[in-house]
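Note sheet for the following structure.
The structure displayed is predicted, hence computed values, not measured ones. For the numbers below, each heavy atom of this structure counts, side chains included, while hydrogens, waters and symmetry mates do not.
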Amino acid sequence: MYPVWPIVDVEYVVSYLRQNPEGEQATEIYALATAIAAATIAQLRLGNNSCSDKSITADTFAQESLRARESAVHRSKVNLNNVRTSFFLHVYYENQRSGGSESLLYLREAISLAQMMHLHRESSYRNLLSEEQQIRRRVLWLLFVTERYVFTGCFFNTFLLGN
């Protein structure tokens, strides 16, 4: 799903978790990885038939991501991992119930965290390496496009179609 969501270096995530299985940052990255898994399984509509282990589901990964986030006290930390985790949880919940409140709340959380990081201000990129600048800009644009799509769709469905 990287072409659709080009905001995570999968090799880095896997490598980091293998080398640093414990600690607060590892918990954040683990929450991100499990949120990505939940979103991917839900987005691609991969059911239990595609895997021999029946316990591996989008729901399982989403719950594990939420558990890890709570143990890392994510709400007090404004960083890119938490922005991306919120985004992927939005994708998971959007696939469960399009336009549902949980989906919209996680999208709004991701956007709020990005605003708190000042990703919308060019000055916030000044002292960052070019790779970090690029990933942050991708996150900002993905959130912008997603927010426009989701909230325009919600408006259209609610007010114009009466749904």
Side-chain angles (χ1 to χ4, degrees), residues 1-17 25-46 57-70 72-158:
M1 294 299 297
Y2 185 81
V4 178
W5 305 317
I7 60 172
V8 177
D9 180 348
V10 175
E11 291 176 12
Y12 170 79
V13 169
V14 171
S15 167
Y16 188 91
L17 290 174
Q25 186 168 359
T27 303
E28 283 181 11
I29 293 175
Y30 178 72
L32 173 61
T34 52
I36 293 168
T40 302
I41 291 168
Q43 183 75 23
L44 297 177
R45 310 242 187 278
L46 300 175
T57 66
D59 296 341
T60 304
F61 280 115
Q63 293 309 312
E64 187 62 13
S65 179
L66 294 170
R67 186 200 60 74
R69 286 182 90 186
E70 287 305 313
V73 192
H74 75 280
R75 293 200 192 276
S76 64
K77 295 182 184 75
V78 178
N79 62 45
L80 201 56
N81 286 332
N82 288 333
V83 173
R84 294 182 292 192
T85 300
S86 295
F87 170 77
F88 286 111
L89 287 171
H90 151 72
V91 172
Y92 163 75
Y93 282 110
E94 185 67 17
N95 278 284
Q96 300 306 305
R97 185 169 165 256
S98 184
S101 60
E102 284 183 290
S103 165
L104 299 177
L105 286 170
Y106 281 111
L107 178 57
R108 188 63 238 164
E109 180 177 84
I111 292 167
S112 294
L113 289 168
Q115 288 174 324
M116 291 165 67
M117 290 179 67
H118 304 289
L119 295 186
H120 59 291
R121 294 188 182 153
E122 193 59 33
S123 61
S124 73
Y125 297 88
R126 241 182 250 139
N127 298 321
L128 300 174
L129 297 173
S130 63
E131 294 84 18
E132 184 68 15
Q133 289 180 17
Q134 183 181 45
I135 201 75
R136 287 175 181 232
R137 284 188 174 100
R138 286 179 181 177
V139 167
L140 177 66
W141 281 106
L142 185 60
L143 289 173
F144 175 77
V145 169
T146 302
E147 190 259 351
R148 290 294 87 207
Y149 174 78
V150 168
F151 287 106
T152 302
C154 288
F155 173 81
F156 182 75
N157 287 336
T158 302

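Scanning both residues, Gly99 and Leu104, for their nearest heavy atoms gives O-CD1, 3.5 Å. Minimum interatomic distance between Val83 and Ala110 (heavy atoms only, all atoms of both residues): O-CB, 3.6 Å. Scanning all heavy atoms of the two residues, the minimum distance from Ala68 to Ala31 falls at CB-CB, 3.8 Å. Between Ala26 and Leu17 the shortest heavy-atom distance is O-CD2, 3.5 Å.
Taking the six-membered ring for Trp and the full ring otherwise, the centers of Phe87 and Tyr106 sit at least 6.0 Å from each other.
Listed by first and then second residue, the salt bridge (charged side-chain N to carboxylate O under 4.0 Å, His left out) pairs that reach into residues 29-44 come to none, sequence neighbours excluded.
In this pair, Phe144 and Trp141 present their aromatic rings perpendicular. The plane angle is above 60°, beyond the 30 to 60° band.
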- Determine, stepwise, if the pair Arg69 / Asn82 fulfils side-chain hydrogen bond (donor to acceptor under 3.5 Å, both in side chains). CA-CA 8 Å; Arg69 286 182 90 186; Asn82 288 333; 4.9 Å; no
- Task: Could you check Leu140 against Arg136 for side chain to side chain contact (heavy atoms under 4.5 Å, CB included), going step by step and ending with a plain yes or no?
- Result: CA-CA 6 Å; Leu140 177 66; Arg136 287 175 181 232; over 6 Å; no
- Test side chain to side chain contact (heavy atoms under 4.5 Å, CB included) applied to Arg84 and Ile135, step by step: CA-CA 11 Å; Arg84 294 182 292 192; Ile135 201 75; 4.1 Å; yes
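One distance of note links OH of Tyr92 with OG of Ser103; it measures 11.5 Å at 0.5 Å rounding. Considering CH2 of Trp5 and CD1 of Ile36, their distance stands at 9.0 Å, rounded to 0.5 Å. Distance check, rounded to the nearest 0.5 Å: CG of Leu119 to CG of Leu80 gives 7.0 Å. To the nearest 0.5 Å, atom NE2 of residue His120 and atom CD1 of residue Ile111 are 12.0 Å apart. Here CD of Gln115 is found 9.5 Å from CZ of Arg121. Values are rounded to the nearest 0.5 Å. One distance of note links OG of Ser101 with CZ of Arg108; it measures 15.5 Å at 0.5 Å rounding.
In this structure, the side chains of Ile41 and Thr57 stay at 4.5 Å or more apart for every pair of heavy atoms. In this structure the side chain of Val150 reaches within 4.5 angstrom of the side chain of His90, judged on heavy atoms. Between Val14 and Val10, the closest side-chain pair of non-hydrogen atoms falls below 4.5 Å. Within the 4.5 Å cutoff, the side chain of Leu107 has no heavy atoms near those of the Glu94 side chain. Side-chain atoms of Leu105 and Tyr93, non-hydrogen and from C-beta on, never get closer than 4.5 Å to each other. Between Leu113 and Met117 the shortest side-chain heavy-atom distance does not fall below 4.5 Å. In this structure the side chain of Tyr30 never reaches within 4.5 angstrom of the side chain of Val13, judged on heavy atoms.
A salt bridge is absent between Arg126 and Glu132: the closest approach of a Lys/Arg side-chain nitrogen to an acidic carboxylate oxygen does not fall below 4.0 angstrom. Remark: Glu70 does not engage Arg67 in a salt bridge, criterion side-chain N to carboxylate O under 4.0 Å. Salt-bridge annotation for Arg137 and Glu122: present, with a side-chain N of the basic residue lying under 4.0 Å from a carboxylate O of the acidic one.
For the residue pair Ser15/Glu11, the side-chain donor-acceptor check at 3.5 Å is not satisfied.
Here Tyr125 pairs with nothing under the ring-ring contact (aromatic ring centres under 6.0 Å, His included) rule; sequence neighbours left out.
Here the side chain of Lys77 pairs no donor or acceptor atom with the backbone of Glu28 at under 3.5 angstrom. Ser65 contributes no side-chain N or O that, together with a main-chain N or O of Thr34, makes up a donor-acceptor pair within less than 3.5 Å.
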